[in-house]
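Let me begin by presenting the structure, written as structure tokens, before commenting on it.
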Amino acid sequence: MEDKRNIQIIEWEHLDKKKFYVFGVAMTMMIRVSMYPFTLIRTRLQVQKGKSLYHGTFDAFVKILRAEGVAGLYRGFLVNTFTLISGQCYVTTYELTRKFVADYSQSNTVKSLVAGGSASLVAQSITVPIDVVSQHLMMQRKGEKMGRFQVPGNLEGQGLIAFGQTKDIIRQILRADGLRGFYRGYVASLLTYIPNSAVWWPFYHFYAEQLSRLCPQDCPHIVFQAVSGPLAAATASVLTNPMDVIRTRVQVEGKSSIILTFRQLMAEEGPWGLMKGLSARIISATPSTIVIVVGYESLKKLSLRPELVDSRHW
């Protein structure tokens, strides 16, 4: 008799692709709307010098809300929604790579590691230009300038419409750096997100397997999968946050060297500077990862080919 505690992974060939993509876009959009404010806060915390503006995640949230209103927490959001494209490319690459690697290795850790890294490489090639623009929009605030560029409306205390701000930022990037400016920090992004993704998936499956052995036999798989996601995210965040801080500074401050940015950060703020924004990253990652994991696993179950539905225990 099959042990119900064994987690059956739904692979690419088990899915109804049409359902998978339609449900996937809707799920991703809901997650972006709920978690975007913490992405903005993390970016501002990482870029600020020391604690010149904000003293932590909660302090930043309160100050932004008071000074800029709810709209201030969603600066750059419309531009950021274009990363929905990279999100779909990510999951497609991940699932197809798992299928490819399965021909050479049946180890779930190997499949997850290679597929996670490959998916991140593809996704970041699409995401970086969008990130560069949206991060500069995140830096727009009343008062002290945070990033390299500032739209005229903010200098005068008058807001421009969202697309007007975006157009102005794009022009300033082109004027200052040319087309290469949209891929500023590309290498730093790869060095951040490829390891993050490559580490997250193996840890996710590892934690899920360990919890499945501890939980009662009839415990729904989705319960310990929902716990495993945040544990894996916290692990990956701690390991990759130093590179994430450097990536953000390279992109927002216009730095040209990862090594020089690292040296400057160490000289100004010491080793603790590499952990800036970590709490905001984990806080945003915890609920978002629960939603992503539950959503993604549910998405795959909803997208399962009809003839396979009765063969799975959830």
Side-chain angles (χ1 to χ4, degrees), residues 2-17 19-21 23-24 27-28 86-127 189-215 220-240 243 285 288-305 307-309 311-314:
E2 182 186 0
D3 187 348
K4 291 183 179 181
R5 286 175 296 185
N6 292 332
I7 302 174
Q8 296 170 299
I9 298 173
I10 300 173
E11 302 289 4
W12 181 251
E13 59 270 21
H14 303 150
L15 299 173
D16 178 325
K17 310 305 186 294
K19 288 182 180 178
F20 182 71
Y21 285 116
F23 291 146
M27 181 197 75
T28 305
S86 66
Q88 296 310 300
C89 290
Y90 178 94
V91 295
T92 302
T93 304
Y94 176 78
E95 296 294 345
L96 287 174
T97 305
R98 277 186 66 91
K99 183 180 178 182
F100 175 77
V101 175
D103 294 335
Y104 301 92
S105 173
Q106 290 304 309
S107 168
N108 192 46
T109 300
V110 172
K111 288 191 286 187
S112 299
L113 186 72
V114 175
S118 301
S120 191
L121 173 62
V122 172
Q124 285 306 305
S125 298
I126 302 169
T127 300
S189 291
L190 295 183
L191 293 175
T192 301
Y193 290 113
I194 289 179
N196 186 82
S197 182
V199 166
W200 189 90
W201 286 102
F203 271 110
Y204 166 62
H205 290 299
F206 170 77
Y207 288 134
E209 288 167 7
Q210 298 306 309
L211 288 170
S212 71
R213 293 170 186 168
L214 298 173
C215 292
H221 292 171
I222 201 70
V223 173
F224 43 79
Q225 287 171 329
V227 175
S228 301
L231 290 175
T235 304
S237 294
V238 170
L239 293 174
T240 61
M243 199 64 229
S288 66
T289 306
I290 292 173
V291 174
I292 288 170
V293 168
V294 172
Y296 189 64
E297 295 295 347
S298 299
L299 166 66
K300 291 174 79 174
K301 290 166 191 173
L302 287 171
S303 305
L304 197 63
R305 284 166 33 210
E307 66 270 22
L308 298 174
V309 172
S311 66
R312 294 295 192 273
H313 167 70
W314 310 122

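All values reported here derive from a predicted model rather than from experimental measurement.
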I want to check something: taking the side chain as every heavy atom from C-beta on, are Phe224 and Leu214 in contact at a cut-off of under 4.5 Å? no

With sequence neighbours excluded, tell me which residues meet salt bridge (Lys or Arg N to Asp or Glu O under 4.0 Å) with Glu95. Lys300

Is there a donor in the side chain of Thr289 and an acceptor in the side chain of Tyr204, or the other way round, less than 3.5 Å apart? no

Mind telling me whether Tyr90 and Trp201 have parallel, tilted or perpendicular rings, with 30° and 60° as the class edges? parallel

If you look at every heavy atom in Ile222 and Val294, which pair is closest and at what distance? CD1-CA, 4.0 Å

Measure the spacing between CD of Glu209 and CD of Gln225 and express it to the nearest 0.5 Å. 11.0 Å

Side chain Thr109, main chain Pro202, donor-acceptor under 3.5 Å: no

Where the side chain of Ser298 meets the backbone of Gly295, is there a donor-acceptor pair that is under 3.5 Å apart? no

Any chance you could measure Lys301, atom NZ, to Leu299, atom CG, to the nearest 0.5 Å? 11.0 Å

Distance col, row Glu13:CD vs Leu96:CG, nearest 0.5 angstrom, shows 10.0 Å

Write down the atom of Ala115, the atom of Thr97, and the distance for their closest heavy-atom approach. CA-CG2, 3.6 Å

Can Val199 and Thr240 be said to form a side chain to side chain contact (heavy atoms under 4.5 Å, CB included), step by step? CA-CA 9 Å; Val199 166; Thr240 61; 5.8 Å; no

So, taking the atom named CD in Gln106 and the one named NZ in Lys111, what distance separates them when rounded to the nearest 0.5 Å? 5.0 Å

Kindly compute the distance separating OG1 (Thr93) from CZ (Phe100), expressed to the nearest 0.5 Å. 13.5 Å

One should read off an interatomic distance between Trp200 CH2 and Ser228 OG, to the nearest 0.5 angstrom, of 8.5 Å

Would you say the side chain of Tyr94 lies within less than 4.5 Å of the side chain of Ser112, judging by non-hydrogen atoms? yes

By side-chain contact (heavy atoms from CB on, under 4.5 Å), Ser189 pairs with (sequence neighbours left out) Gln124, Val128, Tyr193, Arg247, Gln251

Main-chain N/O of Gly116 paired with Ser197 side-chain donor or acceptor, under 3.5 Å: yes

Do Asn196 and Met243 have side chains that approach each other closer than 4.5 Å (heavy atoms only, starting at C-beta)? no

